[in-house]
**Q** 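Let me begin by handing over the structure; questions about it come next.
Atoms considered below: every heavy atom in the structure, side chains included; atoms not considered: hydrogens, waters and symmetry mates. Just so we're on the same page: letters track the sequence lines, and every chain starts at 1.
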Amino acid sequence: MEKYNFTEAEDKWQKKWEESGIYKAQFLKDRKKFYVLEMFPYTSAQIHMGHVRNYTIGDVIARFFAMNGFNILHPIGYDAFGMPAENAAIKQKIPPKEWTYKNIGTIGRQLKKLGISYCWERELATCDPEYYRWNQYFFLQFYKKKLVYKKLSLANWCPSCNTVLANEQVVDGGCWRCSSAVEQKELSQWFVRITDYAEKLLDFSGIKNWPERVITMQKNWIGKSYGCEVHFSMPELKKELTVFTTRPDTLFGATYVVISPRHPVVKEILAKSRLKKDIESFLARVRNQNITVETTAKMEKEGIYAGIDAVNPVNSEKIPVWIGNYVLLEYGTGAIMAVPAHDQRDFEFAEKYGLPVRIVIKDPEWETVPEKLQQAYESEGAMINSGTFDGMGSAECIVAISKSLEKQGKGKQTVNYSLRDWCISRQRYWGTPIPIIYCKKCGAVSVPEKDLPVILPEDIEITGKGESPLKNSNRFLHCKCPECGGDAERETDTMDTFMDSSWYFLRYASGDTKDKPFSKDEVNYWMPVDQYIGGIEHAILHLLYSRFFVKVLNDMNYLNFNEPFENLLCQGMVIKDGAKMSKSKGNVVDPEKVIQKYGVDTLRLFILFAAPPEMDLEWAETGIEGAWRFINRVWAMDSNIRNYTDTDKNNGDVSVEKLINRTIRGITEDIRKEFHFNTAIAKMMEFTNGLHRIIEEQASSKEKLVDAWKKFIKLMAPFIPHTCEEMWEIHGNRQSVFNESWPAVEEKYLKDEESSVAVQINGKVRGRINIVSGSSEAMVMENAMKNPDIFKWLEGKTVVKRIYVAGKILNLVVK
RNA sequence: GCCGGGGUGGCGGAAUGGCAGACGCAACGGACUUAAAAUCCGUUGGGGAUCACUCCCCGUGAGGGUUCGACUCCCUCCCUCGGCACCA
């Protein structure tokens, strides 16, 4: 028996698919559509196993829905802007554009080898000026609506390289290139006002099926909390200080307030305070503490008395104002009231600096003497030391105290979000230039739409040092003001690449894009994406920004839907030797090598079989061998079936019909329900095992056998497309198997005349009996009593209870 | 610390209130072969009884509960992998 020649078949079918344009998306308004999308790849050197898994899952879904009568859009493109291109430029002296397009070439070739059913006509790269001009266009539309603005914000700064660093470029508090200590520097940067949409983004009602954890992560990220703003007066400054708290019930227990070192009032304090020198040296020390993830957690809480007091509005008590490094300017009002008795952080801070503690909520299990308090009591209880509120429950006091403050104009109930506005400024080269011109006379002026795109210059050397690289291009930097015609300079920041990926799915959905970002009609037809597939690492940012974009564009009437991705599948990682495949771990398996040795269908089959899509997948070379064996078994079986000879004994047998119909039903359900391709493939294996027996025993006529086999080829086609096309052709078909429709279940073959019922005694299986379908409970019982295996357990006992689940189980409770 | 996923044979995994371990891998035995590879057939959770057909006990991270019946539902705990983290 000859082995399946995968190289020949794969080349042949990939070519045929390309020539026939079978996967080309067609805008057909009256047909039901299905948009399958995998997160587009970043243009690093080549694709890895994680990509193969992602795209294979998408491909099975696309092919399955196509065979089920849907009009399919299944596009691909490249996330082509970003830092690694600049790193390559620094290290290898290759211009970012050259590096990127070289990689696009490699990845494109690799993707084509995977034989995915992509509509290549809609391929895009975000670094193409015809793409990024629309980033600029959207920026300007948002600018008009005041959804983008400029403000001062902190950035990581390397004083030696004289450059801004991304968070991931800060390693152990130092610069990744030169290890100098990283400082925080205030820069004027562009922000998108995503906080305006916080409430809309919390509404997930337009989403059909997303992993629960992704929704939870987004909700936590947005971080809505109900609370109260309280105004404390500062007599020395003749000013009010507003704090935000979620626990107004503890207001009587506030023994000091703390403000962020970057709070605007700090300047005024410095002007007035007798402790000016001490505060300045404290600020100098704290200011350079960088705020990357690792360091924030370890950072010691520190503070200093500001030398002035604040007056608590509920009891007119004077309490000290402190400046503390643990208070964030960006959250709430940048100032807090500290209640050490009922907040663990405040408790620790108070202990460290010997600040007073006052208990205002009674812990039912603990004493109410401050000196004896071991830790803050953060739960509910009865109010004490709180004036007229004493005796009330603390939960009702949250509302009562807020309302009382509101009435006196000393505070108000508010809602707070931890979501911050989206900083889109990057002081880098390889990104979309921000279309703003600075004129001494006219200020910040938008580039007129007719002048878009603002093209990224290529006469730039990337060094990784100095400020924004675009400042080095005179041709780029200097321009005329569009308003007054005078000398002006361009904005030299580029946009965050999340801007690119926030709408690429709309561009894909649009065939006609000469003079607009996308065609409204076509986008309204294809969108939302019916199935989006990608890694969990994009659970928050990419998915949140895309949702935001769609909501804004909906409000601006560019489109008429509210969510970009109705269904989301987050596939698990590819693991080898207990760790995620990665270059640094040295455990990568190159997909191309596997394809060379076994063919892409084998690789697909293994990946789909080894685990359900959402779980991590353990790479196993022996598993690949198993997949390869299965494909060859199928290949051999195909020729056995073609060479099968009829005998006269097999005419009435329906076992092959039963088998194929059971398989059709099982596989269809496994795909439909949760994309559990692993169990679908198990059912294919069960089918071949069963069919093998039928062939050996010559239990079926040839006609029925061939008929079942052809249906089986269709069932396998989404999984191993090349192999199935080849077999489909050998069986005399001229058209692609993907023009066929998915086999339908013939219910009449699934009604079993006999079924086996397990008989339990006190919940333990003691025997099995075969019954005629539809037997009554009494008949089953009678049958069971006749069975010696069961009878012996009943001797000398009485049956006190009988549970019968039709056709499945009979449980007898005996004493 | 908070939130979430997960824990089932030697391994990947099935079964989500009704016969635990489908399907595959690995291992072992057999057939074919001069031999090997490939292929095909068989066995395979642990323990025990039996010449044998077979039969019994234990078993889904640990302990408890609900139920005629629990991998599945509830409570307590342990381990593990992710995410977030001074959010006031």
**Q** Where each pair must be Watson-Crick or G-U wobble with both distances under 3.5 Å, what dot-bracket representation of RNA chain B is obtained, with crossing pairs in [ ] and other-strand partners as |?
**A** (((((((..(((.....[....))).(((((.......))))).(((((....)))))..(((((..]....))))))))))))....

**Q** B:C55, OP1 or OP2 - any side-chain N/O from A:Arg766 closer than 4.0 Å?
**A**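 Negative; the distance criterion is not met.
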
**Q** Could you please name the option among B:A88, B:C57, B:G13 that lies closest to any side-chain atom of A:Met615?
**A**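 Nearest listed nucleotide: B:G13.
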
**Q** Name the residue closer to the 5' end of RNA chain B, choosing between A:Lys673 and A:Ala335 according to the nucleotide with the nearest heavy atom.
**A**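 Checking each residue's closest nucleotide, the 5'-ward one belongs to A:Lys673.
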
**Q** Whole angstroms only, please: what is the CD-C1' distance between A:Glu614 and B:A14?
**A** 14 Å

**Q** Got a salt bridge between A:Lys576 and A:Glu618, using NZ or NE/NH1/NH2 to carboxylate O under 4.0 Å?
**A**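 No.
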
**Q** Kindly assign one of parallel, tilted or perpendicular to the pair A:Trp322 and A:Tyr353, based on the angle between their ring planes and the thresholds 30° and 60°.
**A** tilted

**Q** Would you classify B:G9 as syn or anti? Syn applies when the glycosidic angle is within 90° of 0.
**A** syn

**Q** Within the pair A:Arg633 and B:C40, is there a side-chain N or O less than 4.0 Å away from OP1 or OP2?
**A**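 Answer is yes, contact under 4.0 Å.
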
**Q** Both A:Glu625 and A:Arg420 contact RNA chain B. Which one's nearest nucleotide lies toward the 5' end?
**A** A:Glu625

**Q** Between atom CD1 in A:Ile575 and atom C1' in B:G13, what is the gap in whole Å?
**A**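 That distance rounds to 15 Å.
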
**Q** What contact category does A:Pro211 fall into here, base, sugar-phosphate, or nothing, at under 4.0 angstrom with non-hydrogen atoms?
**A**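 If one applies the 4.0 Å heavy-atom cut-off, A:Pro211 turns out to touch nothing in the nucleic acid.
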
**Q** Is the terminal nitrogen or CZ of A:Arg547 (NZ for Lys, CZ for Arg) located under 6.0 angstrom from the six-membered ring centre of A:Phe204 and within 45° of that ring's axis?
**A** yes

**Q** Below the 4.0 Å mark, does B:C25 have OP1 or OP2 next to a side-chain nitrogen or oxygen of A:Arg629?
**A** yes

**Q** Counting side-chain heavy atoms from CB outward, which of B:C3, B:A88, B:G12 is closest to A:Ser225?
**A** B:A88

**Q** Would you call the rings of A:Phe606 and A:Trp619 parallel, tilted or perpendicular, taking 30° and 60° as the class edges?
**A** perpendicular

**Q** Below 4.0 angstrom from OP1 or OP2 of B:A88, is there any side-chain N or O of A:His342?
**A** no

**Q** Can you name the one residue among A:Thr602, A:Thr723, A:Asp638, A:Asn632 that meets side-chain hydrogen bond (donor to acceptor under 3.5 Å, both in side chains) with A:Tyr4?
**A**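 Passing option: A:Thr723.
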
**Q** A:Phe609 has a side chain; which of B:G24, B:G4, B:C25 sits nearest to it?
**A** B:G24

**Q** For B:G24, does OP1 or OP2 lie under 4.0 Å from any side-chain N or O of A:Asn689?
**A** yes

**Q** Looking only at side-chain atoms of A:Lys764, point me to the closest of B:C23, B:C19, B:C58.
**A** B:C58

**Q** If we take the P atom in both B:U16 and B:C68, what is their distance in whole Å?
**A**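 Here B:U16 and B:C68 have their P atoms 22 Å from each other.
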
**Q** Choose from B:A88, B:C3, B:C68 the nucleotide whose nearest atom is closest to any side-chain atom of A:Lys801.
**A** B:C68

**Q** Over all strands shown, is A:Lys683 touching base, sugar-phosphate only, or nothing at heavy-atom distances under 4.0 angstrom?
**A**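 If one applies the 4.0 Å heavy-atom cut-off, A:Lys683 turns out to touch nothing in the nucleic acid.
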
**Q** Identify which nucleotide among B:A26, B:C68, B:G13 has an atom closest to any side-chain atom of A:Asn811, counting heavy atoms from C-beta outward.
**A** B:C68

**Q** Roughly how far, to the nearest 0.5 Å, is the CE atom of A:Met49 from the CE atom of A:Met581?
**A**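 That separation rounds to 5.5 Å.
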
**Q** Looking for any heavy atom pair under 4.0 Å, which part of the strands does A:His692 touch: base, sugar-phosphate only, or nothing?
**A**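 Answer is sugar-phosphate: A:His692 comes under 4.0 Å of backbone atoms only.
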
**Q** Measure the distance from CG on A:Leu329 to P on B:C86 and round it to the nearest whole Å.
**A** 15 Å

**Q** Go through the structure and list residues passing salt bridge (Lys or Arg N to Asp or Glu O under 4.0 Å) with A:Arg662, not counting sequence neighbours.
**A** none

**Q** Have a look at A:Asp670 and tell me which of A:Lys683, A:Arg665, A:His676 forms a side-chain hydrogen bond (donor to acceptor under 3.5 Å, both in side chains) with it.
**A**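 Going through the options one by one, the only one that passes is A:Lys683.
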
**Q** Heavy atoms from C-beta onward define the side chain here; which of B:A88, B:G12, B:A22 lies closest to that of A:Glu618?
**A**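 Selected nucleotide: B:G12.
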
**Q** Using a heavy-atom cut-off of under 4.0 Å over every strand shown, decide if A:Val813 touches base, sugar-phosphate, or nothing.
**A**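 Counting heavy atoms under 4.0 Å across all strands, the contact made by A:Val813 is with sugar-phosphate only.
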
**Q** Between B:A37 atom P and A:Asn632 atom CG, what is the distance in whole Å?
**A**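 About 18 Å, once rounded to whole Å.
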
**Q** Assign A:Ala620 to base, sugar-phosphate, or nothing according to its heavy-atom contacts below 4.0 angstrom with the strands shown.
**A** nothing

**Q** Which nucleotide in the set B:G18, B:A88, B:C23 lies at the smallest distance from any side-chain heavy atom of A:Glu686?
**A**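 Looking only at side-chain atoms, A:Glu686 lies closest to B:C23.
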
**Q** Of the options B:C3, B:A85, B:A88, whose atoms approach the side-chain atoms of A:Leu328 most closely?
**A** B:A88

**Q** From the list B:C25, B:A22, B:G18, which nucleotide is the closest neighbour of the side chain of A:Ala682?
**A** B:A22

